[in-house]
Asks: 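Before anything else, here's the structure in question.
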Amino acid sequence: MLSQITHDIITFKGLGTIFKSMSTAETTLEGRYSDKVSDHYNNPRNVGTFDKEDPSVGTAYEGAPACGDVLRLQLKVDDKTGKIVDAKFKAFGCMSAIASSSYATELVKGKTLDEAGAITNKDISEELALPPIKLHCSMLAEQAIQGAIENYKKKKVGCGAKNCCSTDSSSKTDCGA
Amino acid sequence: MSLSYPSIIKSLPKFSKPIYLDYQATTPTDPRVVEEMMPFLTEHFGNPHSITHEYGLFSKKAIDLSRERVADLIGARSPKDVLFTSGATESNNTAIKGLSWYFGKDKKPYIITQRTEHKCVLESCRFLEMQGWKVIYLDVDKYGRVDPAQLDATIREVGPDKVSVVSIMMVNNEIGTLQPVHEIGEICSSHGVMFHCDAAQAVGKMPVDVQKDHINLLSISGHKMYGPKGIGALYISRKPRVRLIPLMSGGGQERGIRSGTLAPALVVGMGSAAEIAGKEMAQDLAHVTRLGKKLRDGFTSKLEDVVLNGHPTERYPGSVNMSFSCVEGEALLAGLHDLAVSSGSACTSASLEPSYVLHALGVACTSASLEPSYVLHALGVSPELAHTSIRFSVGRFTTDEEIDKAIGDVTTSVKRLRELSPLWEMKQEGIDISKINWTMH
């Protein structure tokens with residue numbers, strides 16, 4: 001399979017002059033991303049925004065613009081059943097970041113908070129077949145899920161300060177691969 | 001299983017003939033150049049150093065003509081000042097290492113360069129640093145320009161007789177910024193310091209005059225000026241005399257500085273490209289200026305929050321490096337199936353690195369492969385903008401229709417990705433993203 005040697009080849013104005021612009025598998029998009037990542041990138045699930053102030057919503061931000069990845073994950077929880085009934089995301093980042101957060105919203109829906117809390121980055125990276133260099137995207141998504149759960153719980157308990165819980169992502173962000 | 005070249009092409013998943021907007025990465029070989037090269041791949045195959053027979057002499061004559069053409073293009077005093085190499089990387093290595101080794105780190109321990117140079121210049125300097133030279137990397141302003149006054153002060157501070165070489169490029173390969181080469185040349189000349197200029201992105205595309213600008217050594221790249229890949233040149237002035245220690249030992253070709261049999265086809269390719277470039281420079285420049293502006297204006301008129309990186313006027317107009325706020329570069333590229341562009345320098349993209357030129361102030365991601373552009377970083381471009389940059393470059397064969405399509409595709413993709421972007425949402429709400437305390441590593 002030539003996914004390891006991906007060449008973009010262009011014929012120039014049909015004059016028969018052919019030149020190659022070569023990229024390694026790492027940089028060419030066709031060669032390195034799984035179909036699943038492409039699918040989430042082209043058809044992201046659950047894009048949007050819940051009201052942060054809504055008591056049934058937990059919100060988390062992971063990442064930083066300087067690292068090139070910012071994920072926002074929001075969960076809507078049914079108080080009575082303790083289950084996540086809806087989820088929304090927005091992402092600033094590469095295809096893997098978008099795909100990881102999109103998939104995360106699919107994963108959490110219908111789960112209880114405990115079940116959602118047990119989701120690991122591996123669940124995400126394996127499903128999406130993320131290349132090693134992009135594994136950190138799945139970690140951010142995992143952290144976002146946990147951050148959102150924590151945020152929801154904190155709000156339930158009532159920490160008082162209105163804005164501190166909604167924009168604080170309490171887990172560490174690591175840009176390294 | 002053995003593959004043939006045609007079968008490789010057939011087996012590619014998607015041969016969709018994207019619009020080529022990556023002229024700063026490489027240019028197509030002009031069909032006229034290919035035509036002039038062909039005889040030297042077929043019947044006229046002689047070794048140009050075999051001067052005892054017609055085969056060799058014919059090749060030699062062709063090379064002599066090419067040398068003249070390149071010399072004319074850059075305003076050299078004589079064709080003898082032009083040496084052929086395998087490309088600008090080799091020319092840069094030869095110039096910087098050659099000069100430094102000749103002078104010696106005891107006599108002239110200092111090398112002065114700047115932060116947005118091409119990787120081959122920076123790596124050559126780093127290599128010499130490991131050997132004991134002291135390299136000073138001049139800072140650049142937010143457009144990527146060196147301050148001539150700062151260069152002057154630096155030379156005075158370390159002592160002009162202690163500087164092996166000053167190496168500063170003419171046009172930056174990522175953002176198109178033009179350095180104040182004339183002032184730099186004058187300063188170096190006044191101090192008697194060797195000035196090497198990597199002009200790979202400039203020669204053939206804009207007027208270059210090595211004598212007027214007091215340039216002692218100049219690097220040229222064949223494939224950046226519609227010539228073939230695998231050939232470059234190094235201009236070395238003979239007045240004042242420049243002496244170098246060669247990289248390559250061997251038969252003493254190219255004034256003893258670059259041993260090795262010359263490839264007549266490639267050299268002819270370079271000569272042919274040089275001639276065409278000289279003749280058509282005015283119209284080429286007008287063409288890329290118009291289309292470069294059309295592209296920029298297209299983006300700025302259809303989208304908010306887009307920034308042109310590099311100097312607004314002191315630039316090569318064919319280079320359009322733009323940052324699209326709140327949209328990550330790689331994600332944007334993924335949506336541009338019909339365009340061939342890059343998110344930063346192709347040369348540094350062995351991994352996922354966009355561009356070191358845009359590498360942000362302050363925060364560096366721990367993994368080298370996730371670093372944004374070091375060139376943009378040197379400019380002090382904010383980290384977020386560094387990750388959102390795309391480099392477009394237009395050229396001789398770019399058409400208006402291609403520009404229109406590019407503007408349309410990019411606009412659509414940016415708008416779509418902004419709908420997905422939490423940063424864009426925050427911006428729309430009036431939140432200043434730079435003020436937020438993002439959780440950092």
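Not measured: the values here are computed from a predicted model. Every chain is numbered from 1, with letters handed out A, B, ... down the list of sequences.
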Asks: If we define contacts as heavy-atom pairs under 4.5 Å, which of B:Arg416, B:Arg418, B:His223 has the most with chain A?
Replies: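 Among the listed options, the one with the most contacts to chain A is B:Arg416.
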Asks: For residues A:Thr49 and B:Glu425, report the shortest heavy-atom separation together with the two atoms involved.
Replies: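 Result for this residue pair: OG1-OE1, 2.6 Å.
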Asks: Minimum heavy-atom separation for A:Phe92 to B:Thr388, with atom names?
Replies: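 What the structure gives for the nearest pair is CE1-CG2, 3.7 Å.
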Asks: Heavy atoms under 4.5 Å from chain B: which residues of residues 70-86 of chain A carry them?
Replies: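 Those residues of residues 70-86 of chain A which have a heavy atom under 4.5 Å from chain B are A:Val70, A:Arg72.
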Asks: For chain A, which of B:Ala331, B:Pro422, B:Gly329 has the most heavy-atom pairs under 4.5 Å?
Replies: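 Highest number of heavy-atom pairs under 4.5 Å: B:Pro422.
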Asks: Return the set of residues passing salt bridge (charged side-chain N to carboxylate O under 4.0 Å, His left out) with A:Asp123 (not counting sequence neighbours), or none when no residue passes.
Replies: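 By the salt bridge (charged side-chain N to carboxylate O under 4.0 Å, His left out) rule, A:Asp123 matches no residue at all.
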Asks: Using a 6.0 Å cut-off, check whether atom CD of B:Glu429 has over 12 heavy atoms from anything other than its own residue.
Replies: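 Enclosed.
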Asks: As an exercise: rank A:Gly93, A:Gly48, A:Ser102 by heavy-atom pairs under 4.5 Å with chain B and give me the winner.
Replies: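 Winner by heavy-atom pair count: A:Gly93.
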Asks: Please name all residues satisfying side chain to side chain contact (heavy atoms under 4.5 Å, CB included) with B:Gln201, sequence neighbours left out, ordered by chain then number.
Replies: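 Here the qualifying residues are B:Gln24, B:Val171, B:Asn173, B:Lys205, B:Lys224.
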Asks: I need the B:Leu417 CG to A:Tyr41 OH distance, nearest 0.5 Å.
Replies: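 One finds 4.5 Å between CG of B:Leu417 and OH of A:Tyr41.
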Asks: Do B:Glu328 side-chain atoms and A:Gly68 backbone N/O form a donor-acceptor pair below 3.5 Å?
Replies: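 Not a single qualifying donor-acceptor pair exists.
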Asks: Could you list the residues that satisfy salt bridge (charged side-chain N to carboxylate O under 4.0 Å, His left out) with B:Asp338, not counting sequence neighbours?
Replies: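 In terms of salt bridge (charged side-chain N to carboxylate O under 4.0 Å, His left out), with neighbours along the sequence ignored, B:Asp338 is linked to B:Lys405.
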